[in-house]
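Report on one structure; see the data block that follows.
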Amino acid sequence: MTKEENEERLKRLKSIVSALPEKPGSYQYYDAEGIIIYVGKAKNLKSRVSSYFHTEVDRFKTKVLVSKIHDISYTVVNTEEDALLLENALIKKYNPRYNVLLKDGKTYPSICITKEYLPRIFSTRTINKKWGTYYGPYSHVGSMHTVLDLIRKLYHPRTCRFPITKEGIEQQKYQVCLEYHIKNCQAPCIAKQSHEDYLKNIEQAKEILKGNTREVLRQMKDEMMRLAEELRFEEAEELKRRYILVDQFATKSEVVSQTIDNVDVLSITNDEKVAYINYIHVSNGQINQSFTFEYKKKLDETDAELLQLGIVEMRERFKSRAKEIILSQEIDVDLEGVTITVPQRGDKKKLLDLSLMNGKQYQFDRLKQAEKLNPEQKSVRLMKELQDLLHLPKLPYQIECFDNSNISGSDAVAACVVFKKMKPSKTDYRKYNIKTVVGLDDYASMKEVVWRRYHRLIEEGQPLPDLIVADGGKGQMEVIRQAVQDELGLDIPIAGLAKNDRHRTNELLYGFPARVIGMKTDSELFRVLTHLQDEVHRFAITFHRDKRSKHALHSELDNIKGVGPKTKEILLTTYKSVKRIKEATLPSLIETLGTAKGKIVFDYFHK
């Protein structure tokens, strides 16, 4: 598209916008092929749509969307709630490219009660509302089976798939099956259980699936008392057995507060690309439904916008008619007859915290599943977690850690360990002999090595790290800062890993002045950081041991005048150690080195 054509397109779109009504409704954007690419809703259509065409729009994704728009249509409705419902319906119908995508729970099972003459109750993953009424979906399959087992023990609904009809029963077309003989079914197919009694049981099962156990218990108790008054003790005893089963099931439920009834709770948990909205329904003081929706974001949608979609989806899917909705934040939407609450304390706040915990757990589980399929995602997640924790300007792709090693100032060495994508990059490890520091001075040694490391990287044009981690606390961090920032003029974030009195790493430090960063010591990220620290310590100690052993091995041979490197190599190759060289006889040494050098070595050790 040429510049002139683009200007003509924008002019035409702005003329459409100028004619929009200032009323609530839904608007649709079309691309050059006439396909709907975005559906939105607004309290004021003209104000909302015109905001897309302001020159100060700074969100990149929004600019991309605007560049694709070639036509606009809209639908006016009476209320903002109607606009929200219409937007949700149109998104589901057209699945526009730039709208948030609901990854719904079709793979999760639901419980179906069929519309047959003798309804059946079973779990299914296929939703067809022509067959019956559905309850769920259940994100926790174990909970679903617990409810089904209770209903089977209480009401013994039929499990056969015969299309049983009233006429068939009257004409005695059916025969009892094994389920009747093992007392799992009361044989309504041959009228051993009346149709009215069977349907009464199904209605009570529906109440349990809705979470109305309190009402079911009340009905059972009234019926039990009536039967006892009529001296029908066996029937009353059977009802008592059912009452106990329902009561035990109810006591296992999550009891929130007896004062909270018919309330919906929604909370949102985010990452860059996906939002997770957890929904909890509370009825009669108990949680009877919990489900997490997953939304794939397309246009940097705000939490408030996503929560609005979540409310509509929840009320539609779970047939909720709750008069109060508890949210984690305020949203700018009016729902007729519904109160929006953002609690700060009390039982409702506990409910909200529980919803947030469920959302975060779901997010964590999804990440774990994705990481099994793509291990790279785990590295990215940990880098992002560390970036957010320290407020780093970019992902810490390359992290470097330094450590010193010496004994009383002798054979002083240092090591640099490099982690890339949160994993050791051993080809980038470096060893350093301390050159300018005399005696025992860890801070000066650290400063020397850090300066040498990054001065060389600058000279060679090599990439610098995204984060430097000191194996120690504030002192080590400060000398690294002096070398990196003051002397080399580099702006590299610096952190430190401090140890407690038991010499165990327990704190992550960051910033100047250094402050403790709150992080659980049993978290995955903390384990990676301690692995970094252990690795640099191991590498430095190994280098120091090698240097010390070589020094000890060669020290005495170095003191023998007339014995050069080649002679020392022959001696060590032949005798393996200085001790054996000392014990060697003169003929043996002469045979190995010749008369002159053999006598020099023998005389040195046998003065």
Side-chain angles (χ1 to χ4, degrees), residues 400-418 424-453 455-456 470-472 475-476 479 499 502-505 530-607:
E400 298 189 358
C401 187
F402 293 87
D403 189 23
N404 298 328
S405 183
N406 63 73
I407 296 178
S408 301
S410 66
D411 296 318
V413 298
C416 172
V417 159
V418 180
S425 178
K426 295 193 176 183
T427 56
D428 295 307
Y429 286 14
R430 293 294 181 268
K431 304 172 183 176
Y432 295 91
N433 290 305
I434 304 302
K435 296 180 178 179
T436 62
V437 180
V438 178
L440 184 61
D441 191 337
D442 277 345
Y443 287 163
S445 300
M446 177 74 73
K447 187 175 180 181
E448 175 197 323
V449 170
V450 171
W451 188 92
R452 285 166 56 190
R453 165 74 174 165
H455 182 263
R456 181 163 185 171
D471 178 30
Q476 285 86 349
V479 295
K499 296 182 179 179
R502 298 180 180 180
H503 206 64
R504 291 182 179 176
T505 304
T530 52
H531 179 205
L532 171 71
Q533 187 182 37
D534 293 341
E535 184 70 357
V536 74
H537 188 64
R538 177 198 66 77
F539 193 54
I541 288 290
T542 303
F543 179 38
H544 181 256
R545 284 174 180 165
D546 290 345
K547 184 178 180 182
R548 195 172 72 242
S549 62
K550 287 179 181 178
H551 177 77
L553 192 64
H554 289 263
S555 59
E556 286 198 83
L557 298 180
D558 290 340
N559 294 332
I560 305 174
K561 291 181 179 180
V563 174
K566 287 186 178 180
T567 305
K568 286 187 285 185
E569 186 178 347
I570 293 170
L571 284 168
L572 291 171
T573 302
T574 305
Y575 297 101
K576 307 300 182 186
S577 68
V578 174
K579 183 182 177 183
R580 289 185 179 179
I581 296 171
K582 287 181 181 180
E583 294 171 351
T585 61
L586 179 60
S588 175
L589 288 169
I590 290 173
E591 183 181 350
T592 302
L593 301 176
T595 304
K597 288 191 177 181
K599 194 171 186 307
I600 290 172
V601 173
F602 183 83
D603 289 345
Y604 176 81
F605 287 115
H606 298 85
K607 290 180 182 177

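All values derive from a computational prediction rather than experimental measurement. Numbering of residues begins at 1 and proceeds along the displayed sequence.
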message: Please evaluate residues Tyr575 and Thr592 with respect to the criterion side-chain contact (heavy atoms from CB on, under 4.5 Å), reporting the C-alpha separation (whole Å), side-chain torsions for both, the decisive distance (0.1 Å), and the verdict.
response: CA-CA 10 Å; Tyr575 297 101; Thr592 302; 3.2 Å; yes
message: More than 12 heavy atoms of other residues, nucleotides or ligands under 6.0 Å from CZ of Arg538: yes or no?
response: yes
- request: Would you check, one step at a time, whether the test side-chain contact (heavy atoms from CB on, under 4.5 Å) holds for Lys568 with Val563?
  value: CA-CA 7 Å; Lys568 286 187 285 185; Val563 174; 3.7 Å; yes
message: If you count every heavy atom of other residues, nucleotides or ligands that lies below 6.0 Å from Glu583 atom CD, does the total exceed 12?
response: yes
query: Can you name the nearest heavy-atom pair linking Ala584 to His606, along with the distance?
result: O-CE1, 4.2 Å
message: Nearest 0.5 angstrom please: Phe543 CZ to Asn433 CG, how far?
response: 4.0 Å
field: Test side-chain contact (heavy atoms from CB on, under 4.5 Å) applied to Gln533 and Val417, Asp403, Asp471, the passing residue
entry: Asp471
field: Separation of Tyr432 OH from Arg453 CZ (nearest 0.5 Å)
entry: 4.5 Å
query: Do the non-hydrogen side-chain atoms of His531 and Pro424 ever get within less than 4.5 Å of each other?
result: yes
message: Closer than 3.5 angstrom, by distance alone: can the side chain of His455 be matched with the main-chain N or O of Trp451 as a donor-acceptor pair?
response: no
Results of side chain to side chain donor-acceptor pair (under 3.5 Å) for Lys447 - residues two or more places apart only: Gln482, Glu487
field: Residue pair Cys401 / Val536: nearest heavy atoms and the distance that separates them
entry: O-CG2, 3.3 Å
- prompt: By side chain to side chain donor-acceptor pair (under 3.5 Å), which residues pair with Thr436, not counting sequence neighbours?
  reply: Glu448
task: Enter the distance from Arg452:CZ to Cys416:SG here, rounded to the nearest 0.5 Å.
output: 11.5 Å
- prompt: Which value, rounded to the nearest 0.5 Å, describes the distance between Ile560 atom CD1 and Lys597 atom NZ?
  reply: 11.5 Å
message: As a quick check of understanding, evaluate side-chain contact (heavy atoms from CB on, under 4.5 Å) for Lys426 and Phe539, giving each step before the final call.
response: CA-CA 10 Å; Lys426 295 193 176 183; Phe539 193 54; over 6 Å; no
- line: Between the OG atom in Ser445 and the CD1 atom in Ile434, the distance rounded to the nearest 0.5 Å is 4.5 Å
query: About how many Å separate OG1 of Thr567 and CD1 of Ile600, when rounded to the nearest 0.5 Å?
result: 9.0 Å
- request: Please lay out, stage by stage, how Glu569 and Lys566 fare under the test salt bridge (charged side-chain N to carboxylate O under 4.0 Å, His left out).
  value: CA-CA 5 Å; Glu569 186 178 347; Lys566 287 186 178 180; over 6 Å; no
message: Please determine whether side-chain contact (heavy atoms from CB on, under 4.5 Å) holds for the pair Leu571 and Leu589, giving the CA-CA distance in whole Å, both sets of side-chain angles, and the decisive distance to 0.1 Å.
response: CA-CA 9 Å; Leu571 284 168; Leu589 288 169; 4.1 Å; yes
Min side-chain heavy-atom separation Val479-Val450 under 4.5 Å: no
